[in-house]
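Notes for the one structure printed next.
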Amino acid sequence: MINITFPDGNVRQYEAGTNAIDIAKSISHGLAKKVVSANVNGEVWDATRAINEDAKVQLLTFDDKDGKATFWHSSAHLMAEALEILYPGTKFGAGPSIDNGFYYDIDPGETTITLSDLPKIEKKMLELAREKNDYIRQETSKADAISYFKEKGDEYKLELLEKLNDGEITLYKQGNFVDLCKGPHIANTGDIKAIKLMNVAGAYWQGDENRQQMTRIYGVTFPKQKQLTEYLELLEEAKKRDHRKLGAELELFMFSQKVGSGLPIWLPKGTALRTRLEDFLKQEQIKRGYTPVITPHIGKKDLYVTSGHWEKYGEDSFSPILTPREGEEFLLKPMNCPHHCEIFGHKPHSYKELPIRIAEFGTVYRYEQSGELHGLTRVRGFTQDDAHIFCTPDQLKDEFLGVLDLTMHVISKLGFKDFTAQISLRDPEKNEKYIGSDENWEKAESAIIEATKEVGLETTTELGEAAFYGPKLDFMVKDALGRSWQLGTIQVDYNLPERFELEYIGADNQPHRPVMIHRAPFGSMERFIGVLIEHCAGKFPLWLSPEQFAILPISDRFNDYCNEIKDQLAAHDIRGIIDDRSESIGRKIRDTELKKIPFMLIVGEKEVAENKVAVRIQGEGDKGAMSVQEFADYFATLL
RNA sequence: GCCGGUGUAGCUCAGUUGGCCAGAGCAGCUGAUUUGUAAUCAGCGGGUCGGCGGUUCGAAUCCGUCCACCGGCUCCA
């Protein structure tokens with residue numbers, strides 16, 4: 001007998017060689033049906049794999065993250081089986097589970113698989129699922145595995161095999177399909193009841209753009225049909241929040257083929273929104289001792305040679321523009337920091353002046369490949385809420401903490417609760433990717449780690465994600481479709497001050513090199529607003545709303561009264577419009593609802609007589625009549 | 001940049017296997033209506049069918065090429 005310890009600390013005894021399904025059966029039959037895999041001593045195992053020794057076991061169902069991964073990974077194998085039948089000779093790459101399903105990268109040879117082929121593949125998968133084949137795990141020697149895939153002609157599997165050690169190789173088989181796989185898998189294909197293949201895309205083999213482009217097929221599956229229906233409904237909902245759709249509908253911004261792709265054009269309402277965001281941060285920064293500056297949109301190429309950006313990112317900038325007579329080379333500025341370094345360097349500084357915090361909403365232009373462009377979140381021209389702090393090494397940590405406080409203030413003020421903070425350090429294996437001394441890197445990295453610890457911020461750490469000049473802390477938020485976007489960023493930099501030979505005179509009357517912090521709480525106005533639109537589904541926080549109310553007269557006899565109301569509200573700093581079209585009140589309400597204007601103030605005979613307005617809240621309905629003063633007071637409580 | 005898809009009026013979409021002057025709803029304009037909590041009625045205007053080139057007696061429809069957009073990949077100071 002062996003001892004099985006459950007997550008709640010309970011210990012039960014089982015025969016050696018038991019498995020997760022049997023353990024589940026001993027608890028309840030319902031549970032046994034739902035078990036897809038099990039966490040055994042920290043490793044996810046097949047639910048049918050024999051457990052021979054004492055172990056800590058957590059049974060996993062589709063409701064667990066790891067359970068989903070098992071289910072979807074098995075679904076990828078099922079799809080591969082279907083593909084092998086429908087497209088004989090297909091070569092298989094890798095087919096993992098992902099956050100929302102699974103994919104398989106395949107090389108179908110001469111055949112092209114398109115969207116219209118997916119229903120056929122789905123159908124075949126369902127057929128195979130109904131055959132109720134077991135997923136069978138089989139340990140194998142490297143030599144046997146190689147000979148199997150050699151005979152099959154699966155060169156990608158052979159390449160994967162090369163990296164594996166003999167003795168740790170397993171194959172999984174369901175039906176007639178055998179795959180190189182470390183598992184784990186569900187017990188039987190029959191558990192897969194609902195299947196939807198989402199799309200096809202190109203993907204480079206091993207993620208290397210110099211190698212073969214594979215066909216990647218994405219799909220998602222569920223144990224119950226109802227779950228699939230719900231998932232598809234969720235996707236529909238998410239689409240409605242898409243900032244590209246809402247941005248057009250609410251007339252916030254536009255793109256023009258003539259102006260150029262990736263170059264957002266801000267319409268009046270979007271500009272109103274953006275200006276309010278900028279003003280909010282500008283005021284906050286003044287309070288916190290920042291000095292606003294303005295620098296040109298272009299800078300000599302030499303400036304970026306000095307900063308190192310030209311060497312590192314020259315190809316990702318717009319090509320230099322030339323002065324017509326002298327032939328001097330200028331870059332459309334891809335970064336504000338070199339300009340700000342020049343500001344710091346234009347006169348000598350005493351240590352008594354530090355820290356110096358130079359802030360600018362600086363518009364920058366970068367060449368993004370055409371296929372990268374995406375709404376407001378990936379563009380070729382954007383405005384950073386940029387600032388650079390020049391301080392002494394002793395001040396670094398306090399300054400970092402100050403920036404952290406500002407960034408978190410901004411994020412919470414905008415209603416983001418679900419964000420993650422990522423510490424990006426250098427990859428110690430790839431020193432050539434970075435500039436600057438080891439000593440400086442270590443100092444910078446530990447400053448970030450200590451500061452985040454001190455404020456108790458939950459972080460993840462990524463090696464190799466640092467900027468080339470220093471480590472950084474990024475704030476990431478997910479959009480409506482679950483894609484993760486970087487918003488605010490804080491970066492420590494010992495290197496630019498060196499490249500620009502920046503100095504201050506210390507208490508010892510000797511020159512010293514300042515440390516620099518790059519930071520942008522929003523990141524870029526474009527991306528931030530794009531994510532904000534999706535976050536609030538176009539219903540912005542009241543203080544940002546381009547129009548806070550619409551006054552809707554029931555007949556044009558009340559227009560004069562409406563104008564008075566509007567003036568009175570303006571005196572309370574509440575902004576809005578009057579819809580004085582000769583339309584029915586029902587129509588005016590509908591149109592205002594669709595524009596997502598937070599308050600409708602309806603004015604008719606009764607309201608004029610009582611000197612009131614009938615308040616209706618967007619998305620909620622009639623709230624009854626109030627005087628202007630009452631409304632203004634109520635409004636103030638919502639800000 | 002690479003793979004796949006899409007591109008018809010301001011918006012959402014019809015348009016059979018290439019064949020009369022390319023259609024609808026909404027929006028717009030004009031007029032009527034003066035309305036009580038999510039679409040008042042009538043009339044009218046509006047499209048080089050993404051651009052260019054080709055095949056054909058004839059192209060929105062077939063071919064080529066370029067552009068833009070969508071989903072991914074790669075990249076992201």
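Below, chains carry the letters A, B, ... as their sequence lines are ordered, and counting in each starts from 1.
- Distances were taken from every side-chain heavy atom of A:Tyr367 (C-beta onward) to each of B:G1, B:A38, B:A77; the shortest belongs to B:G1.
- Separation of the C1' atoms belonging to B:G15 and B:G28 is 24 Å when rounded to the nearest angstrom.
- Heavy-atom minimum distance, A:Ile602 versus A:Glu607: O-CG, 3.5 Å.
- Side-chain N/O atoms of A:Arg527 and base N/O atoms of B:C76 include no donor-acceptor pair closer than 3.5 Å.
- When heavy atoms are screened at a 4.0 angstrom cut-off, A:Ile585 is found touching the sugar-phosphate backbone but no base atom.
- Base pairing of B:C20 is not made with any nucleotide, judged by Watson-Crick or G-U wobble geometry with both donor-acceptor distances under 3.5 Å.
- Contacts of A:Gly207 with the nucleic acid, taken as non-hydrogen atoms under 4.0 Å apart, involve only primed sugar atoms and P, OP1 or OP2.
- Distance from the side chain of A:Val200 is smallest for B:G4 among the nucleotides B:G36, B:C75, B:G4.
- Checking B:A39, B:A77, B:U74 against every side-chain atom of A:Pro334, the shortest atom distance belongs to B:A77.
- Atom pair A:Leu197:CG and B:G5:P shows a separation of 17 Å (rounding to whole Å applied).
- For A:Arg581 and B:C29, the shortest distance from a side-chain N or O to OP1 or OP2 is not below 4.0 Å.
- Ring planes of A:Tyr634 and A:Phe599: perpendicular class, angle over 60° (limits at 30 and 60°).
- Using a 4.0 Å heavy-atom distance criterion, A:Glu583 is classed as a base contact.
- Counting any heavy atom pair closer than 4.0 Å across all strands shown, A:Tyr218 reaches sugar-phosphate atoms only and no base atom.
- Heavy atoms of A:Gly586 sit under 4.0 angstrom from primed sugar atoms or phosphate atoms, though from no base atom.
- Contact between the side-chain N/O atoms of A:His374 and the OP1/OP2 oxygens of B:G71 is found at a separation under 4.0 Å.
- Taking 4.0 Å as the cut-off between side-chain N and carboxylate O, A:Asp154 and A:Lys91 do not count as a salt-bridged pair.
- Across B:U40, B:U74, B:C69, the shortest atom-to-atom separation from the side chain of A:Tyr204 is found for B:U74.
- Among the atoms of the strands shown, base atoms are found under 4.0 Å from some heavy atom of A:Glu607.
- Residue A:Ala201 is classed as a base contact, given a heavy-atom separation below 4.0 Å to a base.
- When the P atom of B:G5 is taken as reference, atom CD1 of A:Ile217 falls 13 Å away, rounded to whole Å.
- For A:Asp474 and B:C76, the CG to C1' distance is 11 Å, given to the nearest whole Å.
- Between the side chain of A:Ser555 and the base of B:U34, at least one donor-acceptor pair of N or O atoms lies under 3.5 Å.
- Within the nucleic acid shown, A:Tyr103 has no heavy atom closer than 4.0 Å to any nucleic acid atom.
- In terms of position along RNA chain B, the nucleotide closest to A:Thr215 lies nearer the 5' end than the nucleotide closest to the other residue of the pair A:Ala467 and A:Thr215.
- The base-pairing partner of B:G1, taking Watson-Crick or G-U wobble contacts with both distances under 3.5 Å, is B:C73.
- In this structure, the nucleotide among B:U74, B:C70, B:A77 sitting nearest to the side chain of A:Tyr313 is B:A77.
- Nearest nucleotide to the A:His309 side chain, out of B:A77, B:U35, B:U74: B:A77.
- Using N1 to N3 plus N6-O4 or O6-N4 for Watson-Crick, or N1-O2 and O6-N3 for G-U wobble, each under 3.5 Å, B:U61 pairs with nothing.
- Looking at A:Gln422 and A:Thr420, their side chains never bring a donor and an acceptor atom within 3.5 Å of each other.
- Contact between the side-chain N/O atoms of A:Arg244 and the OP1/OP2 oxygens of B:C70 is found at a separation under 4.0 Å.
- Base pairing of B:C41: its partner is B:G31, meeting the Watson-Crick or G-U wobble criterion (both donor-acceptor distances under 3.5 Å).
- Checked against the 6.0 Å centroid threshold, A:Phe344 and A:His388 do not count as a close aromatic pair.
- Using a 4.0 Å heavy-atom distance criterion, A:Lys606 is classed as a base contact.
- As judged by a 4.0 angstrom heavy-atom cut-off over every strand, A:Thr114 is placed among residues touching the sugar-phosphate backbone only.
- Within the nucleic acid shown, A:Arg216 comes within 4.0 Å of sugar-phosphate atoms alone, with no base atom in reach, counting heavy atoms only.
- A:Asp316 comes within contact range of at least one nucleobase, with a heavy-atom separation under 4.0 Å.
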So if I define the base as every atom that isn't primed, P, OP1 or OP2, how would nucleotides 7-17 of chain B read as a B/S/- string at a heavy-atom cutoff under 4.0 Å?
-----------

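- Taking atom P in both B:G64 and B:G47, one finds a spacing of 31 Å when rounded to whole Å.
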Test log, rule side-chain hydrogen bond (donor to acceptor under 3.5 Å, both in side chains), inputs A:Thr460 and A:Glu462:
CA-CA 7 Å; A:Thr460 58; A:Glu462 296 291 337; 4.8 Å; no

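- Comparing the same atom, C1', in B:A60 and in B:G19 gives a spacing of 13 Å after rounding to whole Å.
- Ring planes of A:Phe253 and A:His243: tilted class, angle from 30 to 60°.
- Across the strands present, B:A68 finds its partner in B:U6; the criterion is a Watson-Crick or G-U wobble pair with both atom distances under 3.5 angstrom.
- Residue-level contact check: A:Arg557 touches the backbone only, with heavy atoms under 4.0 Å from sugar-phosphate atoms and none from bases.
- The base of B:U34 lies outside donor-acceptor range of the side chain of A:Ser582, with no N or O pair under 3.5 Å.
- Between A:Arg587 atom CZ and B:U34 atom P the separation is 18 Å, expressed in whole Å.
- Ion pairing between A:Arg590 and A:Glu593 fails under the 4.0 Å rule for side-chain N and carboxylate O.
- A perpendicular orientation is assigned to the rings of A:Phe318 and A:Tyr367, their planes being inclined by more than 60° (bins at 30° and 60°).
- Here B:A39 is the nucleotide among B:A68, B:A39, B:U74 with the atom lying nearest to any side-chain atom of A:Arg590.
- Comparing the P positions of B:C44 and B:G25 gives a spacing of 12 Å, expressed to the nearest Å.
- Between A:Phe468 and A:Tyr313, the two ring planes are tilted [angle within 30° to 60°].
- Within 4.0 Å of A:Ala248, counting heavy atoms only, lies no atom of the nucleic acid at all.
- Taking atom NZ on A:Lys333 and atom P on B:A77, their separation rounds to 18 Å, with Å as the unit.
- Across B:U65 and B:G23, the matching P atoms stand 33 Å from one another, rounded to whole Å.
- Taking only side-chain nitrogens and oxygens, A:Lys239 never comes nearer than 4.0 Å to OP1 or OP2 of B:C70.
- Put simply, CD1 on A:Ile98 is 15 Å from P on B:G71, counting in whole angstrom units.
- If you take CG of A:Leu118 and P of B:G5, they are 12 Å apart, rounded to a whole angstrom.
- Between A:Lys333 and A:Glu360 there is a salt bridge, with a side-chain nitrogen of the basic residue lying less than 4.0 Å from a carboxylate oxygen of the acidic one.
- One interatomic measurement links the two molecules: CG of A:Asn199 to P of B:C70, which rounds to 14 Å at whole-angstrom precision.
- For the pair A:Gln618 and A:Thr592, the minimum side-chain heavy-atom distance is 4.5 Å or more.
- Place A:Glu372 and A:Gly314 on RNA chain B by their nearest nucleotides, and A:Glu372 ends up nearer the 5' end.
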